[in-house]
Undergrad: 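Have a look at this one.
Not measured: the values here are computed from a predicted model.
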Amino acid sequence: MAMRAATTVVAATPRGLRGLFSTLTSTSPFVPPPMTQVDKPSPAEPSTNLFVSGLNKRTTTDGLKEAFSKFGEVLNAKVVTDRASGYSKGFGFVRYATLEEAAAGIKGMDGQFLDGWVIFAEYARPRPLPGSPPPGNNGSPYGRQ
DNA sequence: ACTGAGCGA
């Protein structure tokens, strides 16, 4: 009786691929969202300057002012239009007299309809005043050190 | 042409 041979033939699993897959699955192929931002999406700081978007392209400065004047005293309103063609860009700015009026205007006009379009009102970003130092080489250590 | 998530002459 000598019928024994090739007892260990199987077990030829390519562990090279396994190792690769292990590494791949180890690096999270789905990248679970850490949700590190849940209380940050603040539009801007409170200001009397309001940024209104979602305006109808034919809404004008007067219409914007008229709409926001119902929630406060609008000192100035401005719908941004392209001076090259004169068409509205679909957003504008509204300046209230006080911060509370601005807040009232936002809470009162944000999400409302104007000229058939849902408009969004929020605090406008601080804009560099006309007269601020223009971006020059102030900060580039070129020349000499 | 104004047709869209956008921050001004």
Side-chain angles (χ1 to χ4, degrees), chain A residues 6-145:
Chain A
T7 34
T8 51
V9 177
V10 281
T13 359
R15 51 179 55 190
L17 291 178
R18 286 207 185 219
L20 245 174
F21 279 114
S22 277
T23 312
L24 287 178
T25 45
S26 188
T27 184
S28 301
F30 286 107
V31 187
M35 291 259 183
T36 46
Q37 279 208 332
V38 257
D39 239 28
K40 273 299 184 179
S42 51
E45 308 175 17
S47 167
T48 53
N49 237 11
L50 259 55
F51 171 70
V52 186
S53 57
L55 297 174
N56 193 332
K57 291 285 168 51
R58 33 201 141 171
T59 303
T60 176
T61 299
D62 194 61
L64 187 66
K65 183 178 181 181
E66 288 286 314
F68 278 77
S69 294
K70 299 181 299 185
F71 297 93
E73 183 183 3
V74 177
L75 297 183
N76 198 344
K78 164 84 158 297
V79 170
V80 179
T81 53
D82 185 75
R83 199 164 58 94
S85 54
Y87 292 122
S88 173
K89 290 185 179 176
F91 60 92
F93 297 90
V94 174
R95 167 161 289 196
Y96 276 102
T98 59
L99 293 175
E100 30 187 85
E101 284 179 315
I106 290 182
K107 291 185 297 187
M109 288 303 299
D110 182 53
Q112 296 303 318
F113 276 84
L114 184 60
D115 284 341
W117 284 79
V118 181
I119 67 176
F120 294 92
E122 55 186 50
Y123 297 109
R125 297 176 179 163
R127 208 256 311 243
L129 301 174
S132 292
N137 46 355
N138 204 13
S140 290
Y142 280 117
R144 58 189 85 106
Q145 56 183 111

Undergrad: Which residue lies toward the 5' end of DNA chain B, A:Thr81 or A:Asn56, if each is placed at its nearest nucleotide?
TA: A:Asn56
Undergrad: Check A:Asn56 against A:Asp115 and note the closest heavy-atom contact, atom names and distance.
TA: ND2-O, 2.9 Å
Undergrad: If you round to the nearest 0.5 Å, how far is OH of A:Tyr123 from CD1 of A:Ile106?
TA: 4.5 Å
Undergrad: For the side chain of A:Ser88 and the backbone of A:Arg58, is there at least one donor-acceptor N/O pair under 3.5 Å apart?
TA: no
Undergrad: Rounded to whole Å, how long is the line connecting atom CG of A:Asp110 with atom P of B:dC7?
TA: 17 Å
Undergrad: Between atom CG in A:Leu55 and atom P in B:dG6, what is the gap in whole Å?
TA: 14 Å
Undergrad: Taking the chi torsion of B:dG4, is it syn (within 90° of 0) or anti (everything else)?
TA: anti
Undergrad: Base, sugar-phosphate, or nothing for A:Phe91, non-hydrogen atoms under 4.0 angstrom?
TA: sugar-phosphate
Undergrad: Are A:Phe51 and B:dC7 stacked, counting the six-membered base ring, centres under 5.5 Å, planes under 30°?
TA: yes
Undergrad: Can you tell me how far C1' of B:dC7 sits from CG of A:Leu64, to the nearest Å?
TA: 13 Å
Undergrad: Quick one: CD on A:Glu101 to OG on A:Ser69, what's the gap to the nearest 0.5 Å?
TA: 10.0 Å
Undergrad: Sticking with atom C1', work out how far B:dA9 lies from B:dA5, rounded to a whole angstrom.
TA: 23 Å
Undergrad: Need to verify one output field. Residue with the more 5' nearest nucleotide on DNA chain B, A:Arg83 or A:Gly90?
TA: A:Gly90
Undergrad: Touch check for A:Ser85, heavy atoms < 4.0 angstrom, all strands: base, sugar-phosphate only, or nothing?
TA: nothing
Undergrad: Which is true for A:Asp82 with a 4.0 Å heavy-atom rule: it touches a base, it touches only sugar-phosphate, or it touches nothing?
TA: nothing
Undergrad: Is there a donor and acceptor pair closer than 3.5 Å between the side chain of A:Asn49 and the base of B:dG8?
TA: yes
Undergrad: Which part of the nucleic acid, if any, lies within contact of A:Gly54, taking any heavy atom under 4.0 Å across all strands shown: a base, the sugar-phosphate backbone alone, or nothing?
TA: base
Undergrad: Give the minimum heavy-atom separation between A:Ala67 and A:Met109, together with the two atoms involved.
TA: O-SD, 3.5 Å
Undergrad: Starting at CG of A:Leu75, measure out to OG1 of A:Thr48 and round the result to the nearest 0.5 Å.
TA: 7.5 Å
Undergrad: To the nearest 0.5 Å, what is the distance between CZ on A:Phe68 and CD on A:Gln112?
TA: 10.0 Å
Undergrad: Atom CZ of A:Arg127 to atom C1' of B:dC7: distance rounded to whole Å?
TA: 9 Å
Undergrad: Considering only side-chain heavy atoms of A:Ser53, which listed nucleotide, B:dC2, B:dG6, B:dG8, is closest?
TA: B:dG6
Undergrad: For the pair made of CG in A:Leu50 and P in B:dG6, what is the distance, rounded to whole Å?
TA: 17 Å
Undergrad: Using a strict heavy-atom distance below 4.0 Å, which residues from residues 112-125 of chain A are in contact with DNA chain B?
TA: A:Trp117, A:Phe120, A:Glu122, A:Tyr123, A:Ala124, A:Arg125
